[in-house]
Amino acid sequence: MHTEHDWITTPLTADLLRGALDLERTEHGLLPHRLPARARAQNTNPQLAMAEAQPSGVRLVFRTAATAVELDTLRTKRDYVGVPSRPDGLYDLLVDGRPAGQASGTGGNVLTIDMATWDGEVTPGPVGTVRFTGLPAGEKDVEIWLPHNETTELVALRTDAPVEPVPDRGRRVWLHHGSSISHGSDAASPTAIWPAIAASLGGVELVNLGFGGSAMLDPFTARAMRDTPADLISVKLGINIVNGDVMRLRAFGPAVHGFLDTIRDGHPDTPLLVVSPLHCAIHEDTPGPTAPDLSEISKGRLLFAAMGDPAEKATGKLTLGVIREELARIVRQRAADDPNLHYLDGLDLYGESDAAKLPLPDHVHPDAATHRHIGERFGALAFTGKGPFAARG
């Protein structure tokens, strides 16, 4: 049996990490980013800055005979004034691709956000340790998926046997961009976010650029996707445009074309799937913006409401229904010259009948059961049969 004195500390390097586009050296260790430095320099939105630094889909991957693993991290949790504290983020352990354990971190910082003003205050805390023991003996592939909703600085990796990078297994890389739902919203754990579920079903390596509140057709995100190696690409667009009330129909169509043009500059022939919004009753026919219902927050509940007026559609304000029609039109137009461009109606992933069985608890974000439902639907529609991501040949 190994003792605490048998630990081997392995430097944390890029060849042990997947799902991150950049790694920043901090005073504590290594901070994974899901946008490159150039994109981060062009961003002025604090919500996107927070979201891209939360490691949704990012995992440590290594080959080892170790039976015990320790990971020191400095996490930053989010809490909201007047709402019960969020549960601790989870680390998911996979051994040879199969679930083998879960753990939470300790210590760390807490970012407290006032949703009335969106001001935030950080309470600093210490580095904590995540432990996994009792791993099976012998050489194996180990993955530790980082919490999808907590900023996580990686400080140290210790094992009781040597570690080496996992060789290329020849799996296709799926690059996905979307909103907080793709980010993971209220999923149960990092491997239970819907893109991770779909990636597991499709047998692909996930690079998840789901950014809470920030799928805004930002050109720097399109350039990041252009420059990221990928075998399959999907973009799930629309809900954040309505949430933020950031565009009218006049600007939305050209912005979608520009976003797709930029991706195609780097991936001219890669299967590219455009996914329209899931069903969200408050915004099907009512424009944004979306805002927290402060009267419900006073009761300790977080619910969102649509603040627009359905009559404003006549002035070009966007609803989910309008966006679905426009995205379908754009893909039809472009697909005439781009046979690898495809469209998936988000209502086929989660429609009105699904909402009746699996309602959105806060009116916007799916819960754990709904993430599984969406992931399984996407896996079936995209990765099997005649789906755009089905393996062929």
Query raised in the report: Using 4.0 Å as the upper bound for N to carboxylate O, is an ion pair formed by Glu376 and Arg372?
Result: yes

**Report entry** Heavy-atom closest pair, residues Gly346 and Ser276
**Finding:** N-OG, 2.9 Å

Query raised in the report: Hey, is the main chain of Leu278 close enough, under 3.5 Å, to the side chain of Arg324 for a donor-acceptor pair?
Result: yes

Query raised in the report: side chain to side chain donor-acceptor pair (under 3.5 Å) with Thr270: which residues, sequence neighbours excluded?
Result: none

Query - Lys/Arg N to Asp/Glu carboxylate O, Arg377 vs Asp348, below 4.0 Å - result: no

Query raised in the report: Sub-3.5 Å donor-acceptor pair from the side chain of His342 to the main-chain atoms of Gly387, do we have one?
Result: no

Query raised in the report: Any donor-acceptor pair under 3.5 Å linking the side chain of Tyr350 with the backbone of His373?
Result: no

Query - Presence of salt bridge, Glu70 and Arg131, under 4.0 angstrom - result: yes

Query raised in the report: In terms of heavy-atom contacts, does CZ of Arg169 have more than 12 from other residues, nucleotides or ligands at under 6.0 Å?
Result: yes

Report task. Say whether, by atom type as modelled, one donor and one acceptor occur between the side chain of Thr26 and the main chain of His28 under 3.5 angstrom. Result -> yes

**Report entry** Basic-acidic side-chain contact under 4.0 Å: Asp92, Arg59
**Finding:** no

Query - Any residue meeting side chain to side chain donor-acceptor pair (under 3.5 Å) with Asp218, in chain and number order, not counting sequence neighbours - result: none

Requested in this report: Check Ala137 against Thr67 and note the closest heavy-atom contact, atom names and distance.
Outcome: CA-CG2, 4.2 Å

Report summary line: On a heavy-atom basis, the closest approach of Pro388 and Pro271 is O-CB, 3.8 Å

Query - Contact check, side chains of Leu48 and Met216, non-hydrogen atoms, under 4.5 Å - result: no

Query raised in the report: For the side chain of Thr286 and the backbone of Asp309, is there at least one donor-acceptor N/O pair under 3.5 Å apart?
Result: no

**Report entry** Trp145 vs Ser189 side-chain heavy atoms within contact, under 4.5 Å
**Finding:** no

Query raised in the report: What's the shortest heavy-atom distance between Val235 and Ile263, and which atoms?
Result: CG1-CD1, 3.9 Å

Query raised in the report: Does Pro147 reach the side chain of Leu90, with side-chain heavy atoms less than 4.5 Å apart?
Result: no

Requested in this report: Could you check whether the rings of Phe389 and Phe383 sit parallel, tilted or perpendicular, using 30° and 60° as the cut-offs?
Outcome: tilted

Report task. Specify the closest pair of heavy atoms between Ser185 and His148, including all atoms of both residues, with the distance to one decimal. Result -> O-NE2, 3.8 Å

Query raised in the report: So do the side chains of Leu260 and Asp338 get within less than 4.5 Å of each other, counting heavy atoms only?
Result: no

**Report entry** Nearest non-hydrogen partners of Asn208 and Arg34, listed with the distance
**Finding:** O-NH1, 2.7 Å

Query raised in the report: With a 4.5 Å limit on heavy-atom distance, are the side chains of Phe211 and Ser179 in contact?
Result: no

Query raised in the report: Is the backbone of Gly89 close enough, under 3.5 Å, to the side chain of Asn149 for a donor and an acceptor to pair up by distance?
Result: no

Query - Within one Ile-Leu-Val-Met-Phe-Trp-Tyr cluster: Leu349 and Leu201, side-chain cutoff 4.5 Å - result: no

Report summary line: Paired with Arg158, the side-chain contact (heavy atoms from CB on, under 4.5 Å) test is passed by just one of Val163, Thr10, Thr129, namely Thr129

Requested in this report: Please answer: with hydrophobic residues joined when any side-chain heavy atoms are less than 4.5 Å apart, are Leu31 and Val122 in the same cluster?
Outcome: no

Report task. Would you check if the side chain of Asn240 reaches a backbone N or O of Ser214 as a donor-acceptor pair within less than 3.5 Å? Result -> yes

Query raised in the report: In terms of hydrophobic clustering (I, L, V, M, F, W, Y; side-chain heavy atoms under 4.5 Å; direct or indirect links), are Val173 and Leu21 co-clustered?
Result: yes

Report task. Using a 4.5 Å cut-off on heavy atoms from C-beta on, say whether the side chain of Leu94 contacts that of Pro99. Result -> yes

Requested in this report: Kindly indicate whether the side chain of His279, heavy atoms from C-beta on, has any atom under 4.5 Å from the side chain of Leu347.
Outcome: yes

Query raised in the report: Any donor and acceptor pair, going by atom type alone, linking the side chain of Arg75 with main-chain N or O of Gly107 inside 3.5 Å?
Result: yes

Query raised in the report: Are any of the side-chain heavy atoms of Leu341 and Tyr343 separated by less than 4.5 Å?
Result: no

Report task. Evaluate the ring planes of Trp194 and Phe378, with Trp represented by its six-membered ring, and classify them as parallel (under 30°), tilted (30 to 60°) or perpendicular (over 60°). Result -> tilted

Query raised in the report: Do side-chain atoms of Asp96 reach the backbone of Lys140 as a donor and acceptor pair under 3.5 angstrom?
Result: no

Report task. Check whether the side chains of Asp265 and Thr262 place a donor and an acceptor atom closer than 3.5 Å, and report yes or no. Result -> no

Report summary line: Checking His365, His283, His363 against Phe304 for ring-ring contact (aromatic ring centres under 6.0 Å, His included), the one that qualifies is His365

Report task. May I ask you to decide if Glu150's main-chain N or O and Lys77's side chain share a donor-acceptor pair within less than 3.5 Å? Result -> no

Report task. May I ask you to decide whether Asp245 forms a salt bridge with Arg248, counting only side-chain N to carboxylate O separations under 4.0 Å? Result -> yes

